[in-house]
Number of protein chains: 2
Amino acid sequence: MPAGMTIGEAARHSGVKVPTIRYYEQIELLPAPARSETNRRHYEAADLRRLAFIRHARELGFGIEAIRALLTLQDNPSQPCATADAIAQARLADVVQRIRSLTALKAELEHMVEGCRHGKVCECRVIEVLADHDKCEHPHH
Amino acid sequence: MPAGMTIGEAARHSGVKVPTIRYYEQIELLPAPARSETNRRHYEAADLRRLAFIRHARELGFGIEAIRALLTLQDNPSQPCATADAIAQARLADVVQRIRSLTALKAELEHMVEGCRHGKVCECRVIEVLADHDKCEHPHH
DNA sequence: CTTGCTCCTCTAGTCGCTAGAGGATGTAGC
DNA sequence: GCTACATCCTCTAGCGACTAGAGGAGCAAG
């Protein structure tokens with residue numbers, strides 16, 4: 001018979017922390033596993049695959065609800081994959097947008113830091129730029 | 001006597017929403033302003049400058065505690081600006097790191113989306129890659 | 001005088017966990 | 001068997017930075 005693993009073993013195997021696994025069960029992202037006579041959770045291979053899927057999706061920045069949708073799709077493989085594609089594309093668009101705005105931010109921060117002469121606050125570029133938006137190179141934010 | 005403006009006017013002027021201004025007051029980032037006879041807040045020019053400073057710093061991604069430190073520095077202009085510089089540099093390092101990881105993510109997502117043949121889920125690249133980390137181009141995450 | 005906007009306070013919700021209390025169970029060494 | 005210590009259980013509360021909504025009062029225009 002398949003012994004199954006404890007929640008701690010599942011955590012080590014999947015890289016998802018123990019409380020996080022319990023949390024995923026609570027929000028019904030992961031099915032509640034069988035319990036031992038003494039009330040301990042026992043995980044099988046299928047649970048581990050699901051956990052790995054979730055972890056990977058989280059690493060790629062998908063939100064819980066998106067992952068829920070993707071898991072439902074995985075459970076119904078005969079459906080068209082347009083939804084999965086749309087979710088991934090939405091995430092990609094979000095990432096692209098974030099990179100854009102972070103790159104602009106980076107330029108602004110570099111501008112601030114480079115201008116700092118390490119003197120007193122009253123002549124500090126960092127404080128000065130923060131206080132006056134017009135001192136930004138590209139004040140489009 | 002300086003009339004001062006209502007919280008709504010201060011919000012329109014600064015671009016910070018009304019409830020957010022109240023929230024900043026609650027966490028003591030913004031001093032509690034004078035009140036009218038009927039208990040309404042009245043903001044002066046100094047409050048507006050402080051609000052603009054906070055808003056700009058938030059736009060650049062500084063956390064509330066960092067902003068609190070920066071505001072304290074601004075209030076004490078004779079101190080050396082090493083702290084302000086350190087805060088800005090820490091933020092810059094964070095932004096650089098974020099850009100790096102988002103760029104890696106972008107490549108992974110593009111890989112997923114490009115591979116999608118828009119067929120059924122059972123042959124969908126998106127689901128497939130999520131389920132199997134080894135199918136990533138650069139599985140360094 | 002009524003309509004509709006703004007203001008007040010307070011509480012609770014968002015997201016994805018994470019931390020901690022307080023208690024039961026399991027394992028290893030003696 | 002006894003003693004540590006790790007691991008497990010449930011439950012509640014906290015994080016950051018707001019945001020939403022209830023329920024009520026004030027204000028300005030028609």
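Residue numbers begin at 1 in each chain, while the letters A, B, ... track the order of the sequences.
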Just the atom pairs and distances: protein N or O near nucleotides 1-4 of chain C's N or O, under 3.5 Å.
none

Protein-nucleic acid N or O pairs under 3.5 Å, nucleotides 2-5 of chain D:
none

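Following rounding to the nearest Å, B:R12 (CZ) and C:dC7 (C1') show an atom-to-atom distance of 12 Å. Per the geometry, CD1 belonging to A:I21 stands 17 Å off P belonging to C:dG16, to the nearest Å. Distance CD1 (B:I7) to C1' (C:dT6): 11 Å, rounded to an integer number of Å. One interatomic measurement links the two molecules: CD of B:E25 to C1' of C:dC8, which rounds to 11 Å at whole-angstrom precision. Note: CD (B:E37) to P (C:dC7) measures 18 Å, nearest angstrom. At whole-Å resolution of the value, NE2 in A:H42 and P in C:dT25 are 14 Å apart.
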- request: Step by step, work out the salt bridge (charged side-chain N to carboxylate O under 4.0 Å, His left out) result for B:D47 and B:R50.
  value: CA-CA 5 Å; B:D47 298 309; B:R50 206 170 174 90; over 6 Å; no

field: Working for side-chain contact (heavy atoms from CB on, under 4.5 Å), residues A:Y23 and A:L30
entry: CA-CA 9 Å; A:Y23 168 70; A:L30 197 63; over 6 Å; no

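The main-chain N or O of A:F53 is never found under 3.5 Å from a side-chain atom of A:R58 such that the two would form a donor-acceptor pair. Side chain of A:R49 to backbone of B:A131: no donor-acceptor contact under 3.5 angstrom is found. No donor-acceptor distance shorter than 3.5 angstrom exists from the side chain of A:H42 to the backbone of A:R35, with no hydrogens or angles considered. Side chain of B:R91 to backbone of B:L60: a donor-acceptor contact under 3.5 angstrom is found. The main-chain N or O of A:V113 is never found under 3.5 Å from a side-chain atom of A:R125 such that the two would form a donor-acceptor pair. Listed for the B:N76 side chain is a donor-acceptor partner under 3.5 Å among the backbone atoms of B:T72.
Two residues are said to be in side-chain contact when any heavy atoms from C-beta on lie closer than 4.5 Å; B:H133 and A:E59 meet this criterion. With a 4.5 Å cut-off on side-chain heavy atoms, B:C136 and B:V129 count as touching. Residues A:M5 and A:L48 form a side-chain contact, since some pair of their non-hydrogen atoms from C-beta on lies under 4.5 Å apart. At least one side-chain heavy atom of A:E25 sits less than 4.5 Å from a side-chain heavy atom of A:R41. Side-chain atoms of A:R22 and A:Y24, non-hydrogen and from C-beta on, never get closer than 4.5 Å to each other.
Counting non-hydrogen atoms of neighbouring residues, nucleotides and ligands closer than 6.0 angstrom, the NZ atom of B:K106 reaches no more than 12 such neighbours. More than 12 heavy-atom neighbours from other residues, nucleotides or ligands sit within 6.0 angstrom of CZ on A:R68.
Residue contacts for A:I27: at a heavy-atom cut-off of 4.0 Å it reaches no nucleic acid atom on any strand shown.
Taking the screw axis at each terminus of the helix from C:dC1-D:dG30 to C:dC30-D:dG1 from five consecutive base pairs, the angle between the two is 10° to within rounding of 10 degrees.
Between A:R41 and D:dT10 there is a side-chain N or O to OP1 or OP2 distance below 4.0 Å. Between A:T6 and the phosphate of D:dT7, there is no side-chain N or O to OP1/OP2 separation shorter than 4.0 Å. For A:R22 and D:dT10, the shortest distance from a side-chain N or O to OP1 or OP2 is not below 4.0 Å.
Scanning residues 92-99 of chain B for heavy-atom distances under 4.0 Å to DNA chain C yields an empty list.
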- request: Treat primed atoms plus P, OP1 and OP2 as sugar-phosphate and everything else as base, then score nucleotides 16-30 of chain D 5' to 3': B for base contact with protein heavy atoms under 4.0 Å, S for sugar-phosphate contact only, - for none.
  value: -BBS------SS---

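Both B:Q26 and B:V18 sit near DNA chain C, but only B:V18 has its closest nucleotide nearer the 5' end.
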Give the table of side-chain donor-acceptor pairs shorter than 3.5 Å for residues 8-17 of chain B, with sequence neighbours excluded, one pair per line with atom names and distance.
{"residue": "B:E9", "atom": "OE1", "partner": "B:T6", "partner atom": "N", "Å": "2.9"}
{"residue": "B:S14", "atom": "OG", "partner": "B:A10", "partner atom": "O", "Å": "2.8"}
{"residue": "B:S14", "atom": "OG", "partner": "B:V16", "partner atom": "N", "Å": "3.1"}

